[in-house]
Amino acid sequence: MPTEPETDYDPSLGNKFIFVTGGVMSGLGKGITAASTGRLLANAGFDVTAVKVDPYLNVDAGTMNPFQHGEVYVLKDGGEVDLDLGNYERFLDIDMTFDHNVTTGKTYQHVIDKERAGDYLGKTVQIIPHVTDDIKRRIREAAEGHDVCIVEVGGTVGDIEGMPFLEALRQFAHEEDEGDFLLTHVTLVPYSKNGEQKTKPTQHSVKELRSIGLQPDILVGRCENELDASTKEKIALFCDVPTDAVFSNADVADIYHVPLMVEEEGLDEYVMDRLDLAEDAIPKADRDNEWRKLVTQDTHGEVDIALVGKYDLEDAYLSVNEALKHAGLEKNVDVNVLWVDSEKMDDDHEERLREADGIVVPGGFGSRGTEGKIEAVRYARENGVPYLGLCLGFQLAVVEFARNVLGLEGAHSAELDPDTPHPVIDLLPEQYDLEDLGGTMRLGAHETTIEAGTLAERVYGGTSCTERHRHRYEVNPEYFDAFEGTDLVFSGESGNRMEILELDGHPYFFGTQFHPEFRSRPTRASPPFVGLLDAVLDGETDDSAAAREEVEA
Ligand code: GLN
């Protein structure tokens, strides 16, 4: 875990803050709404950053099960964080650091450590002011140097866990000058049976906010359709905000369309007005609209990519899905992700594998579903189907080759079969942690040296790349010789660690020990993913290419 320096903050640094809370229920997409607002402020020329507050007691997301909480997102400094930070990185096209994720666990741990060290000089250590001060410090430090900081408070207003954060927010509002602070509250506006938009849940959640001393400046109603004028008026009247501070957040086909909707609703302009930014903004006609162009372009056809994993849950592989989408945006095609459950490789799932134009085996931990993934690798290798293996998907490509080409019977990763006679994937001595007898995780951005003249060099357009990691196991150096002179080539390395593999004579068989999906952006697709789609499009049958050309014409 990255260490955290503590500095004295100055509340008058001059940044602007937009806090975002959620009411009624979770999963309303407040993060996407907030990130979209941020994107538009960035288009208007402002330097925007974000902080995600997670009221859970975990210190970081590193130990959380993807099935319960979605993927663990990895930052360049090695911070293991909530997947919402990935959305901020993608929408704002920024790289954040671990200190941009504030959790209850992190805050309490720090306060208790200070208490043990005697830093509070014998005082009674309390939630107010010690915990709330620490929360405010963290937010201000993360915002330092940026024009605007969006602070999303996870969970729903009224949750016990969220109380210290909302109290910190109340103090924050009090300390900031008018025009430097806005509170946006995102709630649900459901339809009644007879098709009426109902505002009562919104009224109740605003009441809840007010009972802890917070008055929202902006209300965003999450609804199937746009809010009616009368709904907005009613919300304004009961919740004490101007009618033009009530916005709708209707369902859209794709999250990348949310910034367009926010812009049409005028939320960005309203925010700039209220934060006194309007005068400094780039005039609307001159603003960057690459995003709009990209997400509204006409696509020419579609490709099917099989994603072979063990969690039937989009959020568990969120960044991989997004990276595939980004590559699709760059290549101008729609990417359909076909879910293949590696635990039950029944006829249905095998059928999907055969239907797919390309196959991805993403990262993972634990042995469940491993044999199904190895079968998928074998199918891709033997049938010349474009393949991308990410982290575990890289390791299993090594295992599959060792077993089925090198004839090393029972070869495996020592993580998944500790008794394997051929641990082709193993812990490197420096990954051992003698204290907990496990291995320590290798995390964050590390540079890989790429061998000239390889597929990897073509994919990355150079002889080095810096990508994010999250793994313990590695290709075992004792087996380097066994692969020497075979079709499986390690074309990228970092010291004695193998980082990239490719297969000679295969259209595209590419594996990375790192996770390129974490650096992929809508406007800057990740090279290995673009390479996968390039191979898929190159390999099209004459019929499908002709069909595509027809569409293009
Ligand atoms: N479980 C493997 C390891 O620890 C792969 C990790 C991953 O795919 N993120 O090395």
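Read the numbers this way: they start at 1 and go in the same order the structure lists the ligands and their atoms.
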Between the main-chain N or O of D60 and the side-chain N or O of E80, is there a donor-acceptor pair closer than 3.5 Å?
no
Exactly one of H515, E499, Q513 clears side-chain hydrogen bond (donor to acceptor under 3.5 Å, both in side chains) with H469, and that residue is E499
Please determine if F365 has a nitrogen or oxygen closer than 3.5 Å to a nitrogen or oxygen of ligand 1.
no
Are D534 and K331 within salt-bridge range, i.e. N to O under 4.0 Å?
yes
Filtering G393, G364, G389, A414 for the heavy atom nearest atom 5 (C) of ligand 1 leaves G364
For ligand 1, which atoms sit closer than 4.0 Å to a heavy atom of R470?
6 (C), 7 (C), 9 (N)
Answer yes or no: is there an ion pair linking K325 with E322, defined by an N-O contact shorter than 4.0 Å?
yes
The closest protein heavy-atom partner of atom 4 (O) of ligand 1 is R472 N, 3.0 Å
R381/D487 salt bridge by N-O under 4.0 Å criterion
no
Which of the numbered atoms in ligand 1 are under 4.0 angstrom from any heavy atom belonging to C391?
5 (C), 6 (C), 7 (C), 8 (O), 9 (N)
In terms of atom number and element, which parts of ligand 1 are under 4.0 angstrom from non-hydrogen atoms of Q395?
2 (C), 3 (C), 5 (C), 10 (O)
What I want to know is whether H515 and ligand 1 share at least one N or O pair that is separated by under 3.5 angstrom.
yes
Identify whether the distance between the nearest side-chain nitrogen and carboxylate oxygen of R137 and D134 falls below 4.0 Å.
yes
Selection from Y473, F394, F514 by shortest heavy-atom distance to atom 10 (O) of ligand 1
Y473
Any idea which atoms of ligand 1 are less than 4.0 Å away from a heavy-atom of E415?
1 (N), 2 (C), 3 (C)
K52 charged N/C atom sitting above Y73 aromatic ring, 6.0 Å / 45°
no
Can you list the ligand 1 atoms lying under 4.0 Å from a non-hydrogen atom of G363?
8 (O)
